[in-house]
Student: 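So that we are looking at the same thing, I have put the structure below in structure tokens.
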2 protein chains.
Amino acid sequence: MKHAAKRASYQAIKADVLQRIRDNIWPPGTLLPGEIELAEEFQCARATVNRAMRELADEGVIDRKRKSGTRVKTAPTRQAKFTIPLIRLEIENAGKNYRYAMVHRQKQTAPRWLCGRLALHSAAQVLHLQCIHYADESPFQYEARWINLSAVPKAESESFEKIGPNEWLINHVPFTEAELTFSAKSATKDIAAMMSLSEGASLLTAERTTWLSDAPVTYAQLYFHQSYKMTTRI
Amino acid sequence: MKHAAKRASYQAIKADVLQRIRDNIWPPGTLLPGEIELAEEFQCARATVNRAMRELADEGVIDRKRKSGTRVKTAPTRQAKFTIPLIRLEIENAGKNYRYAMVHRQKQTAPRWLCGRLALHSAAQVLHLQCIHYADESPFQYEARWINLSAVPKAESESFEKIGPNEWLINHVPFTEAELTFSAKSATKDIAAMMSLSEGASLLTAERTTWLSDAPVTYAQLYFHQSYKMTTRI
DNA sequence: ATAGAAATTAAGTCCAGACAAAACATACGG
DNA sequence: CCGTATGTTTTGTCTGGACTTAATTTCTAT
């Protein structure tokens, strides 16, 4: 009885299906009509319906299984997407002046905790760096980084005086996998001093471990300034 | 000269292209061959190449523009995807016992700051709730929430004694858009007391504003326990 | 009754071809 | 010299058809 819109594009189908889910016409758990049926309703090819439904599945709105069909997810797993830009670009895009300073650089044997985290053997050599990223001369991010020199030997010949390790690594070393962890940490005395904060200030902290096809490349702790907020729309 | 793999699926093409980018055969900024050319190389239809390239573009590896062609991104904007599960499920999945407690419930006129944030008129009525989510009897998350009663009138008749406002809203009110902000905040005296923490402890905090087709639905502040880390692999 | 084989179903992939739309290039008229 | 019309290129979308694959049901022989 439904007067289907003619020549619907896959986006229109997506929107329409989403609307029906939102309007509770198809409540959570409902088994949706098959692709052929929907294709008839929307007056389009099955491939077009397939694309619409596939994208809805990718976005976590519906579940699809061969033979079983398509169901509206009961607990829709909305997923937030954060783009992780270069800190320099983030500062510059905010209309501020970016400045970078390295405060420490040392080749050393990997400490125990790092060996565990990166699965390094106990005598592995790493390059330890500490640096600060400024926005308009006020400290914006403190970066503590360890680079696995056996995976990235050419890092040893880079001074990191002019370019930050994060930016250098992105430009010189691709990666296949990364683990990213966000948490809130209190500023230690050292970090507070470097970032012109009071000791114990709450800092949004990102920890990042990066691999290049199973070889551990680098581990970094990024401490953001108190004022920093990470925002996304979903 | 390249002996292309025959009958490559779109996934194989994706993997192959990605490999060439990783191997620096196609360094950042390179203009890739057009879809027709790639289709010939991979011995497949253009639609198959199109799908592979479209997905790579979605993943932020390449940039595509009509007429201009496809280029390897210079600053690959890797994007982290966080799935935002129900707090109850997160606790239960960690093998812990979930308990919920409401500590405050009051219908009130929206405070000024909330009117601004949700674009409410000054006399708007909201339901203010404060509650705590426990994992194995230790406080895990403190939730402060304001629900716009003109958008969700039926919230007024819900006691929220047994079910948390977040879970109730997900089950009863769909949403079309949400803004999610993460930051680190220091625990106030009140929050510290409720979460059995010392005052000033660093807490990962999420703020969430939700709309249902332009109508503001709810604003929430979620304070996670110190130990909480949000992790994702990319 | 039951384990395994066969049929069925619905999504997943692919193709060859077509047209649309955006973005850029070029030519042309004022 | 400039703005507009026209053309070209490349990606974006769609079609109708085919085959593949995973999961489920049904059948069958034990």
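In the text below, chain A, chain B and the rest are named by the order of the sequence lines, each starting its count at 1.
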Student: Extract from the structure each pairing of a protein N or O with an N or O of nucleotides 24-28 of chain D at less than 3.5 Å, listing the distance.
Tutor:
none

Student: For Tyr219(B), check ring pair (Phe, Tyr, Trp, His ring centres under 6.0 Å) against everything at least two apart and list the hits.
Tutor: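 Result, ring pair (Phe, Tyr, Trp, His ring centres under 6.0 Å) vs Tyr219(B): Trp113(B), Trp146(B).
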Student: Mark yes or no for a side-chain to base donor-acceptor pair under 3.5 Å between Arg51(B) and dG12(D), with no hydrogen or angle criteria applied.
Tutor: no
Student: Does Glu55(B) pair with Arg51(B) as a salt bridge, N-O distance under 4.0 Å?
Tutor: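 Yes.
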Student: Please tell me which of Arg46(A) and Glu35(B) maps to the more 5' nucleotide of DNA chain D, matching each residue to the nucleotide holding its nearest heavy atom.
Tutor: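 Nearer the 5' end of the strand: Glu35(B).
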Student: A quick test of your reading: do over 12 heavy atoms of other residues, nucleotides or ligands sit less than 6.0 Å from CG of Asp214(B)?
Tutor: no
Student: Whole angstrom is fine here: how far is it from CZ in Arg71(A) over to P in dA10(C)?
Tutor: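 Going from CZ in Arg71(A) over to P in dA10(C) covers 12 Å.
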Student: Just jot down the side-chain hydrogen bond (donor to acceptor under 3.5 Å, both in side chains) partners of Arg46(B), sequence neighbours excluded, or say none.
Tutor: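 With sequence neighbours excluded, Arg46(B) shows a side-chain hydrogen bond (donor to acceptor under 3.5 Å, both in side chains) to Glu35(B), given in chain and number order.
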Student: I need the CG-C1' distance between Asn50(A) and dT20(D), as an integer number of Å.
Tutor: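 The answer, rounded to whole Å, is 13 Å.
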Student: Given atom CG of Asp63(A) and atom C1' of dA23(D), what is their separation to the nearest angstrom?
Tutor: 15 Å
Student: Can a salt bridge be assigned to the pair Asp58(A) and Arg54(A) using a cut-off of 4.0 Å between side-chain N and carboxylate O?
Tutor: no
Student: Let me know the distance between CD of Glu40(B) and P of dC15(C), rounded to the nearest Å.
Tutor: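 Those two atoms, CD and P, are 14 Å apart.
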Student: I'd like to know whether the aromatic ring centres of His133(B) and Phe140(B) sit less than 6.0 Å apart in this structure.
Tutor: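 No - the distance between ring centres of His133(B) and Phe140(B) does not fall below the 6.0 Å cut-off.
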